[in-house]
Trainee: 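Questions regarding the structure given below will be posed in turn.
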Amino acid sequence: MSGNSVKYLFVTGGVLSSLGKGITAASIGALLESRGIRIAMLKLDPYLNVDPGTMNPFQHGEVYVTDDGAETDLDLGHYYRYTNSPLSKASTATSGQVYETVIRKERKGDYLGKTVQVIPHVTNEIKRRILATAQQEAGTEVVIVEIGGTVGDIESLPFLEAIRQLRLSEPTSSLTIHLTYVPFLKVAGEVKTKPTQHSVQALRAIGIIPDLILCRSEFPLSEEVKEKISLFCGVPLRAVFDEPDVSCSIYEVPLTLSKQGLDVEICKLLQLADKKAELAPWEKLLESMQHPKGKVVIGIVGKYLEHRDAYKSVFEALNHAAISLGKELQIISLESDRLKEGDLGHCDGYLIPGGFGERGWEGKISAARYCRENRVPYFGLCLGMQVLLVEFARHVLELEGANSTEIDPKTPHPVISLLSEQKEAHDMGGTMRLGAYPCRIQRDTRAFDAYGKDLVHERHRHRYECNNSYRRAFESKGLVFSGILDNGTLCEIAEVKDHPWMLGAQFHPEFQSRPLMPHPLFVAFLSACKGKK
Ligand code: GLN
């Protein structure tokens, strides 16, 4: 298939969306890595947007950013949290990107006068991207490819057709896992396998016979139900697995799957050496999640809180830090455009996540003011750092009307203004300051206490930044710029000196937090929040 020994594992989804295909694919990745297998991961998304960067968070959830500045689907965040797979622009492809490439080639005349068609031109481009995933890092043994959407959708057909073609050329180098849903019908008092049967039929009609069927369900499935699925879907009984709802945390999933031997079966089918799985770190993690000592309550003041996925990495990063401190985490969502007097004051600390536009801005400013004046821990991410600075400028520097030019272009005191490179950007897509930049950490600061090192690399996604002409004024009144872009030009971390813990980061530390390696700033923030025994 690829001219070398790389194996491909495709994860398709059936019956309905939101089954947690990303978590499942990432958990499979974690299981393979626990056996010492080197993996890479790829998410294929059927929509026509080139990337999710221009989509509203209500539509798409969080936009996850990689080191090389790709704006991607939030599933890449799961890949990062569960695995050590390389993540870059090569780890994601949308129909929009595939068509953009094909059409650009057509305009250049690369197709030499041929009619350009979905098969073979679009499918070839998809196959090229699947094969390229393995090239990110030498020694990659298995590429896990998650296909977004649900089998039966018109949109995902070219992706599935590309997989069919790939599987045809070298069947022993690849396998397909089909994730379905087996509902429990309360009125009938039984679980129903019919949707799974239909979804597998739809996959077979496209020419893909799944090797393994993984059934999401509310409860573990009985042997009888698995036998039925095996019979009707034409797979051996040992190829039917279940993935019941987890009781404690999504980080249980690798263990749930491993207990049933899913990883052993994958290794057998892909002819991978059956090394011993090292799952102790995941087991330890689960153990500390199940027995927390004390609780910490964090208020998140944002404006997309009704959409569960809009701040995915933020929620996860808080979780990782809480687990590492042995604490139970309670999150209170506070909609910033409806924030009233009295809403604040019930949490141990407040976090203001990233965001865009004017709605809810003043609510966030009042949350920052509350935290500063009452010495309550505050953590600002990207927009949250800009909020910290504007609040400080208005009420400590006494610059009336101070603002970000994103919110008020005519402000008399533009303490946050457009990055110079942004002035030339005309397109909305892919033009922000994106990806990882080196940040120099100043000694004797909260940031240094957290990181314990002088240089870090953190990922960005923004157009506005602290206006350097106000830097001295801020510093003269007790604000410390504890993180500066390595070339000295941009303020990346700001903290209030005379405060237990009030810090804002212009980057998104949440993108680099893992359950087994929590982000130091999140750990430091939660440590500063007193919490309850
Ligand atoms: N809207 C702000 C900017 O573009 C913050 C962006 C963010 O929070 N990701 O600078």
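The chain is numbered in sequence order, starting from 1. Just follow the structure's listing: the first ligand is 1, and inside any ligand the first atom is 1.
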Trainee: Step by step, would you call Val314 with Leu351 a side-chain contact (heavy atoms from CB on, under 4.5 Å)?
Mentor: CA-CA 9 Å; Val314 176; Leu351 183 147; 3.6 Å; yes
Trainee: Between the side chains of Arg129 and Thr101, is a donor N or O closer than 3.5 angstrom to an acceptor N or O?
Mentor: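 The answer is yes; a qualifying pair exists.
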Trainee: Apply side chain to side chain contact (heavy atoms under 4.5 Å, CB included) to Ser18 and list each qualifying residue two or more places apart in sequence or on a separate chain.
Mentor: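 Not a single residue meets the side chain to side chain contact (heavy atoms under 4.5 Å, CB included) criterion with Ser18.
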Trainee: Anything with a heavy atom under 4.0 Å from ligand 1 counts, so go ahead and list those protein residues by chain and number.
Mentor: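 Around ligand 1, where the cutoff is 4.0 Å for heavy atoms, the contacting residues are Gly354, Gly355, Phe356, Cys382, Leu383, Gln386, Glu406, Arg461, His462, Arg463, Tyr464, His508.
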Trainee: Do Tyr47 and His60 have ring centres separated by under 6.0 Å?
Mentor: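 Centroid separation for Tyr47 and His60: below 6.0 Å.
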Trainee: Are the aromatic rings of Phe511 and His460 close, with centres under 6.0 Å apart?
Mentor: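 For Phe511 and His460, the ring centres are not under 6.0 Å apart.
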Trainee: For the residue pair Glu495 and Ser482, confirm or rule out a side-chain donor-acceptor distance under 3.5 Å.
Mentor: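 A pair is found: one side chain offers a donor N or O, the other an acceptor, under 3.5 Å apart.
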